[in-house]
Amino acid sequence: MTKSSFEAISLQECCLVTGGVDKSAQSALYYIGYAIGFLVKCIVGLFTPKGPAVEAETL
């Protein structure tokens, strides 16, 4: 079993990776990423306070 790790790649390798994808696939990946980002933003918005918390004063 091998461990996953990040490795540095050269600029040429990066261009080969992005250059191999056709335009429709790039557009699909863009929209999928946008939709995931939008959903995450909505979910985070549900769990964050909307404004300053105001506590009621006791008499």
Side-chain angles (χ1 to χ4, degrees):
M1 188 173 191
T2 61
K3 282 189 167 183
S4 298
S5 63
F6 292 108
E7 293 188 28
I9 60 173
S10 68
L11 184 60
Q12 184 179 7
E13 288 173 318
C14 183
C15 291
L16 291 175
V17 169
T18 59
V21 180
D22 63 346
K23 185 64 177 168
S24 60
Q26 281 182 330
S27 295
L29 289 173
Y30 172 78
Y31 288 123
I32 290 170
Y34 183 81
I36 290 172
F38 181 75
L39 288 174
V40 169
K41 184 178 177 182
C42 291
I43 292 170
V44 168
L46 291 173
F47 295 107
T48 56
K50 302 294 183 211
V54 178
E55 295 182 16
E57 293 182 22
T58 58
L59 297 177

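Fair warning: this is a prediction, and the values are worked out from it, not measured in the lab. Any value given below was found using the heavy atoms of this structure, including those in side chains, with hydrogens, waters and symmetry copies removed.
Residues satisfying the side chain to side chain donor-acceptor pair (under 3.5 Å) test with Ser24, not counting sequence neighbours, are Asp22. Ile36 pairs by the side chain to side chain contact (heavy atoms under 4.5 Å, CB included) definition with Ile32, Val40, not counting sequence neighbours.
Its side chain within the 4.5 Å cluster rule, Phe47 clusters with Ile43, Leu46 among the Ile, Leu, Val, Met, Phe, Trp and Tyr residues. Taking Ile, Leu, Val, Met, Phe, Trp and Tyr as members and joining any whose side-chain heavy atoms lie under 4.5 Å apart, directly or through other members, Tyr34 forms no hydrophobic cluster with any other residue.
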